[in-house]
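Heads up: the structure comes next, in structure tokens.
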Amino acid sequence: MRPRMSARAPLLAALLFVALLPMVWTMLASLGIVPDNTASPPRWRVAPSLGEYTDTIGVAEPRFATELATSIVVALVATGVVIPCAFLGAYGLARWRWRGATLVVPSMLVLGSLPVVAYVIPLAETTRRLGLTDTLVGVGLAQAAGAAPLAVYILHSILGRIVLPAIGPAVVATAVVIFVLQWNSFLVPLVLGAEKVRTIPVAMSDFFTFERELQWPTAAAALVSSLLPLLVLIAAANALLQRFRLAEVDPS
Amino acid sequence: MRTAALLAPLAVLVVPFLLWPALFGLVASFTNYGPLESQVRFVGLDNYAAILADPQFLIASRNIAVFTAAAVMAELGLGFAVAYLLREIFRGHALVRVALLVPWLVSPVANGVLWHFLLTPSIGPLDFARAWIGLPIGPSPLGVSGLALPTAIATDVWRKAPLVAFLVLPGLLAIPRERWETATLEGARLFDRVWLVALPPLVPLLFTIGMLLVGDTLGVFDSLLTLTGGGPGSETITPGLYAYQQAFRTNDWRLGATAGWLVAASVLLVGAIYVRSTRAVRH
């Protein structure tokens, strides 16, 4: 028993190394610390500066700051719409005394698993007809709708498990997870947004084209900028996320 | 409050922006409907015939079958293994737990950009290690025929296996301590502890995670757009990428929407199995 315990720490350390090395590599590159693998042995070229953040991103993507702001607004709006709608819906489903109701909850998960690409083409058509193309409302609502079934599923399991005073933190933890999904949403803002509504993932796919090869330190700075708000968020919500449950687990 | 009133806001959100487009895609796939078409008429299975006659779509379907099977199994297996390593609390446990979320915070689009550069021979960590031990640095596996798809799968596993561990962990931690101790006293080996103690209570949770992973993977699109663009050749094209290219690049709305609907159909098929399984577990 004991020898197995001692194997755990190095194994975990190795796994964490693999999981986090790409992030560290990217952060270093964004600060101007880049290896040269063509030298033998490989060398590090160390020219630390914040220039990629202050200057170069702006040259590669002049509206980067606006896009960052748009991303924040869209993700906040979408999360702000999803959580109340999903909470009321989950509460309604929990009280529903209809025999078929037990099928509705797993069906919500299936609906929540439906990838956006499966319905985005008709969605673009619907949004155009509603006159909501390239508006915050259109993009925000469409993003919210995509995440709502998953939120219902998670919140329904919370309502079945947790007593009233603890519901608040569990809902906030769910909101954090939904916010991350909204922040990273790509296809909806790509297809429904245009000039006015352009979020970071859309901008990133745009300025990273195979014709116009981007410099690695610039791409790294863009990657870190898009990641930093989420890192701050999960660090702040750390205690809540420790209690996050996707679904009920009954150990009996 | 009445149940209907509680469900109304959800319906107002989900019906026009999710259910209606999905249903509309199904109906439209049997017609000639397109934004530029003046007269809509029923065309039977023409769109399906056209799509099945396109070798690109067949390659995409084969790719997504391989991608989904390999990625989902690897993510569930690795995620479970990592969670198993974390089933006892130690100093720094909370930090490791929240760190599991970090790769998932990278959006699929950013994941494609990230790994495009990390696999670039002159600057990436893998070739850094190769150069360090004196091996010549190779070309990026993303451009090598036969390696591009497995590499794309590996980047997907990097992003999602830690998330699976994060989601599985609460289930493992909920297993009462006595059960591990009893198993150990009875001389259970690693295999028995996993198979008899850890897995049985986690089956519903693993099904739920599996469903989310399958849906996400069957629609994989954004990460490949920036990682490989579908290449080399058509080696990493997927139905999602195909649908997008048809609808918004080639402007063939019909073919794109039909491909999208086929993605939906594959997810709903898996979903039907999932819903049945939840009933079987409950009874």
Side-chain angles (χ1 to χ4, degrees), chain A residues 1 8 11-12 15 19 21-23 25-26 34-35 37-38 40-42 85 88-89 91-92 95-96 103 106-107 109-110 113-115 117-119 121-123 125-126 141-142 144-146 148 180 184 186 201 204-205 208 210 216 219 223 226-227 230 234 238 241-242 245-247 249 251, chain B residues 3 6-7 9-10 13-14 17-18 20-22 24-25 35 82 85 94 97-98 101-103 105 107 109-110 113-114 117-118 122-123 125 127-128 131-132 137 162 167 170-171 174-175 201 205 208 211-212 215 219 221-222 225-226 229 240 243 247 256-257 260 263-264 267 271 274-275 278:
Chain A
M1 182 72 198
R8 180 176 307 170
L11 208 52
L12 270 175
L15 286 164
L21 179 70
M23 312 319 321
W25 210 264
T26 308
V34 184
N37 298 343
T38 55
S40 159
C85 290
L88 291 177
Y91 184 61
R95 303 181 358 147
W96 205 358
L103 282 182
S107 302
L109 187 80
V110 176
S113 308
L114 201 63
V117 76
Y119 63 90
I121 298 163
L123 173 68
E125 191 51 16
T126 316
L141 288 180
V180 173
N184 287 341
F186 171 62
M204 200 176 287
S205 81
F208 179 78
F210 290 89
W216 168 223
L223 285 168
S226 70
L227 195 61
L230 295 184
I234 66 156
N238 179 19
L241 289 169
Q242 302 285 334
R245 305 269 186 288
L246 177 63
V249 179
Chain B
T3 305
L6 291 168
L7 290 171
L10 183 66
L13 184 62
V14 169
F17 292 104
L18 176 55
W20 167 252
F24 185 71
V82 173
L85 287 172
R97 189 170 177 176
V98 81
L101 285 175
V102 172
L105 298 181
S107 72
V109 168
V113 176
L114 176 70
F117 282 109
L118 290 181
S122 58
I123 49 174
D127 286 283
F128 185 82
W132 192 256
I137 56 174
L167 296 174
I175 296 172
L205 179 61
T208 297
M211 180 69 232
L212 286 171
F221 155 76
D222 24 8
L225 192 69
T226 45
V263 173
V267 175
Y274 166 78
V275 172
T278 61

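Basis for what follows: all heavy atoms, side chains included, without hydrogens, waters or symmetry-related copies. Proteins get letters first, then strands, A, B, ... in listed order; numbering begins at 1 in each.
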Is there side-chain contact between [X] and [Y], with at least one heavy-atom pair below 4.5 Å?
| X | Y | result |
| --- | --- | --- |
| B/Trp132 | A/Pro41 | yes |
| A/Ser107 | B/Val275 | yes |
| A/Thr126 | B/Phe17 | no |
| A/Leu88 | B/Leu7 | no |
| B/Leu212 | A/Leu246 | yes |
| B/Phe221 | A/Pro115 | no |
| B/Leu6 | A/Arg95 | yes |

Of the backbone (N, CA, C, O) and the side chain (C-beta and beyond), which part of [X] lies under 4.5 Å from a heavy atom of chain B, both, or neither?
| X | result |
| --- | --- |
| A/Leu123 | both |
| A/Trp25 | side chain |
| A/Glu125 | side chain |
| A/Leu15 | side chain |
| A/Leu114 | both |
| A/Leu21 | side chain |

What are the two closest heavy atoms between [X] and [Y], and how far apart are they?
| X | Y | value |
| --- | --- | --- |
| A/Tyr119 | B/Pro21 | O-CB, 3.8 Å |
| A/Pro22 | B/Leu114 | O-CD1, 4.1 Å |
| A/Ala219 | B/Val113 | CB-CG1, 4.2 Å |
| A/Thr38 | B/Ser122 | CG2-CB, 4.2 Å |
| A/Gln242 | B/Ala94 | NE2-O, 2.9 Å |
| A/Ile121 | B/Ala243 | CD1-O, 3.7 Å |

Quick one: [atom1] on [X] to [atom2] on [Y], what's the gap to the nearest 0.5 Å?
| X | Y | atom1 | atom2 | result |
| --- | --- | --- | --- | --- |
| A/Ser205 | B/Leu225 | OG | CG | 6.0 Å |
| A/Cys85 | B/Leu13 | SG | CG | 5.0 Å |
| A/Asn37 | B/Phe128 | CG | CZ | 6.5 Å |
| A/Thr26 | B/Leu118 | OG1 | CG | 5.0 Å |
| B/Leu85 | A/Leu12 | CG | CG | 5.0 Å |

Quick check on the interface: out of [options], who has the most heavy-atom pairs with chain A under 4.5 Å?
| options | result |
| --- | --- |
| B/Asp222, B/Ile123, B/Val14 | B/Ile123 |
| B/Ala131, B/Gly256, B/Pro162 | B/Ala131 |
| B/Val263, B/Val109, B/Leu167, B/Ile137 | B/Val109 |

Exercise. Verify the neighbour count for atom CH2 of B/Trp20: are there more than 12 heavy atoms of other residues, nucleotides or ligands below 6.0 Å?
Key: no

Quiz prompt | Side chain, backbone, both or neither of B/Leu205 within contact of chain A (heavy atoms, under 4.5 Å) | solution = side chain

Exercise. Find the one option among A/Ser113, A/Ala144, A/Ala142 whose heavy-atom pairs under 4.5 Å with chain B are most numerous.
Key: A/Ser113

